[in-house]
Colleague: 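Take a look at this one; I'll ask things after.
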There are 2 protein chains.
Amino acid sequence: MRSPEDLTVAFRSAGLKVTPQRQLLFRLLHDNTTHPTADALHHVASELMPGISLRTVYQTLTDLAEMGELQSIEVGSGSMRFDPNVSDHHHAVCDQCGAVHDVYVTHAPELHGLDSFSVSDAHIVYRGLCGLCSATGSHR
Amino acid sequence: MRSPEDLTVAFRSAGLKVTPQRQLLFRLLHDNTTHPTADALHHVASELMPGISLRTVYQTLTDLAEMGELQSIEVGSGSMRFDPNVSDHHHAVCDQCGAVHDVYVTHAPELHGLDSFSVSDAHIVYRGLCGLCSATGSHR
DNA sequence: TGCTAATTAGCAATCGATGCAGATAAGGTT
DNA sequence: AACCTTATCTGCATCGATTGCTAATTAGCA
Ligand SMILES: [Mn+2]
Ligand SMILES: [Mn+2]
Ligand SMILES: [Zn+2]
Ligand SMILES: [Zn+2]
């Protein structure tokens, strides 16, 4: 995802308006590696801008996704997660604390036994214990 | 997942009862490769046993999953899918018709750049077009 | 045949997400 | 700077998938 400044320009030239709510979300998402849910994002946004609506968070996330500035991923946590990192990568989910980490796979795994299927995308979800949780053994 | 006959024995020895509803679901799930949702399963079950409750389908699916007879997978279709194939495998989802196919990957892809994460499981979801849809170009 | 605990069906409730509409404000125009 | 058009915001209703709850039923054993 681009910088808040770049996004401001991009939104305006796309006919979209740049509101204080959106500027806040731009800042909160930029370089954010936590893969937040809409609700998590709304929580932290609410502390900086009391009254901001969860609906607005969803709306802005949808806009950003449609512009290709972020991707929405599904890692089995029940709710969608949003990722400003739009590079081709995968994810590791901690079964203990729920943290989602970026994973880069050297070689894309090939299909075996499905000749007629033309693959356009592949996403790997690893499950296990993150460094913190496997070390201490007691997180959340 | 084991045969309906084996499941009957397994359920009884686990203190669970074997009802006509469950026997029907055992049969509908055995060797089922369609990765149905609870709702899809309920639809076909309803034709053979009018009045069977969706709640009962969910309950039986939960019981089977807890017994390790099937796994529930999440492929981004919005609802959970149930798979009587409990072997270690992955899935290919058709973006056109939504069909879910089994995929067997020869070598498990290695992690890169995440030393401290101990992986216990990995699941790959491929997206693209299935044989039928890429051939005809018009399904659903 | 009886007893008792498990199951069923129906309905309420929950949760994440989206639809809707009136009030508001962004931002280009005069 | 005042104005106008249109997108946006918020609150609330709605929706789909799933789970909670409970009275009535039934499986399965004694
Ligand atoms: Mn990521
Ligand atoms: Mn499968
Ligand atoms: Zn962890
Ligand atoms: Zn298809």
Side-chain angles (χ1 to χ4, degrees), chain A residues 4-5 7-26 28 35-43 45-46 48-67 70-82 98 100, chain B residues 4-5 7-26 28 35-43 45-67 70-83 98 100:
Chain A
E5 296 73 33
L7 289 176
T8 296
V9 175
F11 264 58
R12 291 220 176 98
S13 54
L16 302 178
K17 293 178 177 175
V18 178
T19 64
Q21 289 88 344
R22 287 184 169 176
Q23 294 182 61
L24 172 59
L25 293 171
F26 290 171
L28 293 181
H35 304 84
T37 62
D39 195 63
L41 201 55
H42 177 243
H43 262 84
S46 295
L48 296 160
M49 182 185 285
I52 186 174
S53 169
L54 174 60
R55 192 65 185 82
T56 296
V57 174
Y58 270 109
Q59 184 59 54
T60 299
L61 287 170
T62 301
D63 290 339
L64 285 167
E66 282 177 356
M67 296 176 66
L70 58 77
Q71 60 176 318
S72 48
I73 60 174
E74 175 65 64
V75 293
S77 57
S79 45
M80 203 76 82
R81 288 170 173 273
F82 298 89
V100 179
Chain B
E5 295 72 35
L7 289 175
T8 296
V9 175
F11 264 58
R12 291 219 176 101
S13 53
L16 303 178
K17 293 178 177 175
V18 179
T19 64
Q21 289 88 340
R22 288 184 169 174
Q23 295 181 61
L24 171 59
L25 293 170
F26 291 170
L28 292 181
H35 304 86
T37 62
D39 195 63
L41 200 56
H42 177 241
H43 263 83
S46 295
E47 286 167 19
L48 295 161
M49 182 184 286
I52 186 173
S53 168
L54 175 59
R55 190 67 186 84
T56 297
V57 173
Y58 270 110
Q59 183 60 52
T60 299
L61 286 170
T62 301
D63 290 338
L64 285 168
E66 283 177 355
M67 294 176 67
L70 58 77
Q71 59 176 319
S72 48
I73 61 174
E74 175 65 64
V75 293
S77 57
S79 46
M80 203 76 84
R81 287 170 174 274
F82 298 89
D83 193 349
V100 179

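Throughout, protein chains are lettered first and strands after them, A, B, ... in sequence-line order, and every chain is numbered starting at 1. Since the model is a prediction, treat every value here as computed from it, not as a measurement.
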Colleague: Compare all side-chain heavy atoms of Ile52(A) with those of His42(A) and state whether any distance is below 4.5 angstrom.
Modeller: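 SC-SC contact between Ile52(A) and His42(A) confirmed.
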
Colleague: Provide, to the nearest angstrom, the distance between the CD1 atom belonging to Ile52(B) and the P atom belonging to dT8(C).
Modeller: 8 Å

Colleague: Tell me the interatomic distance from Met49(A), atom CE, to dA25(C), atom C1', rounded to whole angstroms.
Modeller: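 Atom-to-atom, Met49(A) to dA25(C), this comes out as 13 Å.
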
Colleague: Between P on dC9(D) and CG on Leu24(A), what's the gap in Å once rounded to a whole number?
Modeller: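 The distance from CG of Leu24(A) to P of dC9(D) comes to 11 Å, rounded to the nearest Å.
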
Colleague: How close or far is atom P of dG16(D) from atom NE2 of His42(B), stated in whole angstroms?
Modeller: 16 Å

Colleague: When the distance from CG of Leu64(A) to P of dT8(D) is rounded to whole Å, what number comes out?
Modeller: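 Distance, rounded to whole Å: 12 Å.
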
Colleague: Is a side-chain donor or acceptor of His35(B) paired with a backbone partner of Val100(B) at a separation under 3.5 angstrom?
Modeller: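 Yes.
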
Colleague: For DNA chain C, what residues of residues 12-22 of chain A have any heavy atom nearer than 4.0 Å?
Modeller: Arg12(A), Lys17(A), Val18(A), Pro20(A)

Colleague: If we only count heavy atoms from C-beta on, is the Leu64(B) to Phe82(B) side-chain gap below 4.5 Å?
Modeller: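 No, every pair of side-chain atoms sits at 4.5 Å or beyond.
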
Colleague: What one-letter contact string describes nucleotides 11-18 of chain C from 5' to 3', where B marks a base within less than 4.0 Å of any protein heavy atom, S marks contact via sugar-phosphate atoms alone, and - marks no contact?
Modeller: -----SSB

Colleague: Throw together a table of side-chain donor-acceptor distances under 3.5 angstrom for residues 7-18 of chain B, partners on residues two or more places apart or in other chains.
Modeller:
unit_1	atom_1	unit_2	atom_2	d
Thr8(B)	OG1	Pro4(B)	O	2.8
Ser13(B)	OG	Val9(B)	O	3.0
Ser13(B)	OG	Ala10(B)	O	3.1

Colleague: What distance separates Asp39(B) CG from Ser79(B) OG, expressed to the nearest 0.5 Å?
Modeller: 7.5 Å

Colleague: Within the distance-only criterion (no hydrogens, no angle test), does the side chain of Glu74(B) pair as donor or acceptor with the backbone N or O of Gly76(B) below 3.5 angstrom?
Modeller: yes

Colleague: I would like to know whether Arg22(B) and Thr56(B) meet side-chain contact (heavy atoms from CB on, under 4.5 Å); could you show each step before the answer?
Modeller: CA-CA 8 Å; Arg22(B) 288 184 169 174; Thr56(B) 297; 5.7 Å; no

Colleague: Calculate the interatomic distance between Gln23(B) atom CD and dT8(C) atom C1'; express it in whole Å.
Modeller: 15 Å

Colleague: May I have the distance from Phe11(B) (atom CZ) to dA5(C) (atom C1'), rounded to whole angstrom?
Modeller: 16 Å

Colleague: If you define the side chain from C-beta out and look only at heavy atoms, does anything of Met49(A) sit under 4.5 Å from Pro20(A)?
Modeller: yes

